[in-house]
Amino acid sequence: MTTLRLGYFSRSPVLALAEANGLAIAAEPVASSPAQFAALSAGSYDLILTSPDNLAAHPELDVRIVRAVDGGMGLSLLGAPGVRDLDDLRGGVIGVDVPHSGFAFALYELLASHGLHRNADYDVVALGATPKRAVALRAGRCHATLLNGGLVLTAQRDGLANLGRVTDVVRPYLGTVLAASGRWLDEHPELVRQFTRSWQRAVTQLLGAGEEIDPLLADVFRLPQAQLPAIRDVLHDPSEGLVPDGEVDPAALANVALLRARYGRKGAPCGSP
């Protein structure tokens, strides 16, 4: 059996279930989107879980979307200890993966909808992947940052304020996709078919499960029993949760491209192979 190499930002319950069902994957967290794409370009990864906008940030690479994964998994702006509302962010520093790609554009849109504009009302600092930003937030290295999944629930449990959800200002939104280099996809068509079938089975199983899936969710998201119903709700949310069939919503992809046009550099998310 071929072992697929995959780089991700945050742990995925779909990935965990696919592995439990026998799919051979060597998965590892990435430090940042530039590091992720450098590894993909070097052939260190076969597949990546990433923001669709990150594809547009690397137009020099032939990287294609394999399938849609989720709508952001509750992607929200969490404030550092002591930050209670958006006005507390004026003059502050907001943590991002990198300033010109991915979730950063959704962050700018969320803050702009409340009258806060980058370089005028706040600054940004590059802090890397979402789990790294969660640590930096608690350490006081930024005043707020975008988190998703179990990291949002954990932060709220610990008293950090949720200052707004991305889907409050951008809907529909595409948070995560599976992607791969065009060359790898072209050279491994049967392997790609086997992988996508296994991934789809895991998605269907996960969305069809009840409390019996809780041990897996607790392990993936590092959540106590009391918060597992909340993360199940996120997974099932039609706007923010898992994409049941893996189809890319053209309107969601268009919104990602619109944010890049508004706040970023040239480029647009690449289409499916």
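Computed from a predicted model, the values in this text were never measured in an experiment.
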Are the side chain of [X] and the backbone N or O of [Y] linked by a donor-acceptor pair below 3.5 Å?
X      : Y      : answer
Gln36  : Leu49  : yes
His236 : Leu207 : yes
Asp168 : Arg165 : yes
Thr145 : Gly95  : yes
Thr196 : Arg193 : yes
Arg260 : His100 : yes
Asp53  : Gly102 : yes
Asn255 : Pro172 : yes
Glu109 : Leu107 : no

Residues [X], [Y]: salt bridge by 4.0 Å N-O rule:
X      : Y      : answer
Asp97  : Lys132 : no
Arg11  : Asp219 : yes
Arg84  : Asp87  : no
Arg67  : Asp245 : no
Asp62  : Arg64  : yes
Arg197 : Glu190 : yes

If you take all heavy atoms of [X] and [Y], which pair is closest and at what distance?
X      : Y      : result
His117 : Gly115 : CD2-O, 3.7 Å
Leu160 : Gly79  : CB-O, 3.5 Å
Ser10  : Thr130 : OG-CB, 3.8 Å
Ala126 : Pro99  : CB-CD, 4.3 Å
Leu55  : Ala179 : CD1-CB, 4.2 Å
Val220 : Pro13  : CG1-N, 3.8 Å

request  = For the pair Leu191 and Thr2, evaluate side-chain contact (heavy atoms from CB on, under 4.5 Å) and give the outcome as yes or no after the intermediate values.
outcome  = CA-CA 8 Å; Leu191 186 57; Thr2 301; 4.0 Å; yes
Any heavy-atom pair between the side chains of [Y] and [X] that's under 4.5 Å?
X      : Y      : result
Val66  : Leu185 : yes
Tyr122 : Cys142 : no
Asp214 : Arg232 : yes
Val166 : Leu146 : yes
Leu89  : Leu77  : yes
Leu147 : Ser76  : no
Thr154 : Arg222 : no
Val69  : Val14  : no

inquiry  = Set out, in order, the CA-CA distance, both residues' side-chain angles and the distance that settles side-chain contact (heavy atoms from CB on, under 4.5 Å) for Asn148 and Phe103, then state yes or no.
reply    = CA-CA 11 Å; Asn148 60 4; Phe103 291 166; 3.9 Å; yes
query = Among Asp70, Asp249, Val248, which one satisfies side chain to side chain contact (heavy atoms under 4.5 Å, CB included) with Leu174?
reply =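 It is Val248; the other options fail the test.
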Hey, any chance [X] and [Y] share a hydrophobic cluster, counting ILVMFWY side chains that come within less than 4.5 Å of each other, even indirectly?
X      : Y      : result
Val152 : Val96  : no
Leu127 : Val124 : no
Leu137 : Phe9   : no
Leu259 : Ile94  : yes
Tyr8   : Leu151 : no

Pair Arg5-Ser44, side-chain hydrogen bond (donor to acceptor under 3.5 Å, both in side chains): steps then yes or no = CA-CA 7 Å; Arg5 301 161 299 166; Ser44 299; 5.7 Å; no
Find the distance between [atom1] ([X]) and [atom2] ([Y]) and round it off to the nearest 0.5 Å.
X      : Y      : atom1 : atom2 : result
Leu23  : Leu15  : CG    : CG    : 8.0 Å
Ser198 : Leu4   : OG    : CG    : 9.0 Å
Arg118 : Tyr263 : CZ    : OH    : 11.5 Å
Trp199 : Leu47  : CH2   : CG    : 9.0 Å
Leu253 : Leu258 : CG    : CG    : 11.5 Å
Arg138 : Arg133 : CZ    : CZ    : 14.0 Å

query = Side chains of Glu28 and Tyr45: is there a donor and an acceptor less than 3.5 Å apart?
reply =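 Yes, because at least one side-chain N or O of Glu28 sits under 3.5 Å from a partner of the opposite role on Tyr45.
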inquiry  = Does either side chain, that of Gln200 or that of Thr204, offer a donor lying less than 3.5 Å from an acceptor on the other one?
reply    =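 Result is yes, a qualifying pair exists.
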inquiry  = Tell me whether the rings of Phe37 and His58 are parallel (<30°), tilted (30 to 60°) or perpendicular (>60°).
reply    =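 Rings of Phe37 and His58: parallel, as their planes differ by under 30°.
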ask   = After noting the C-alpha distance and the side-chain angles of Leu178 and Thr50, does the key distance pass the side-chain contact (heavy atoms from CB on, under 4.5 Å) rule?
value = CA-CA 7 Å; Leu178 270 164; Thr50 196; over 6 Å; no
task = Please lay out, stage by stage, how Asp123 and Asn119 fare under the test side-chain contact (heavy atoms from CB on, under 4.5 Å).
result = CA-CA 5 Å; Asp123 294 317; Asn119 298 328; 4.0 Å; yes
ask   = Which is it for Glu240 and Tyr173 under the side-chain hydrogen bond (donor to acceptor under 3.5 Å, both in side chains) test, yes or no, and what are the steps along the way?
value = CA-CA 8 Å; Glu240 300 182 306; Tyr173 183 71; over 6 Å; no
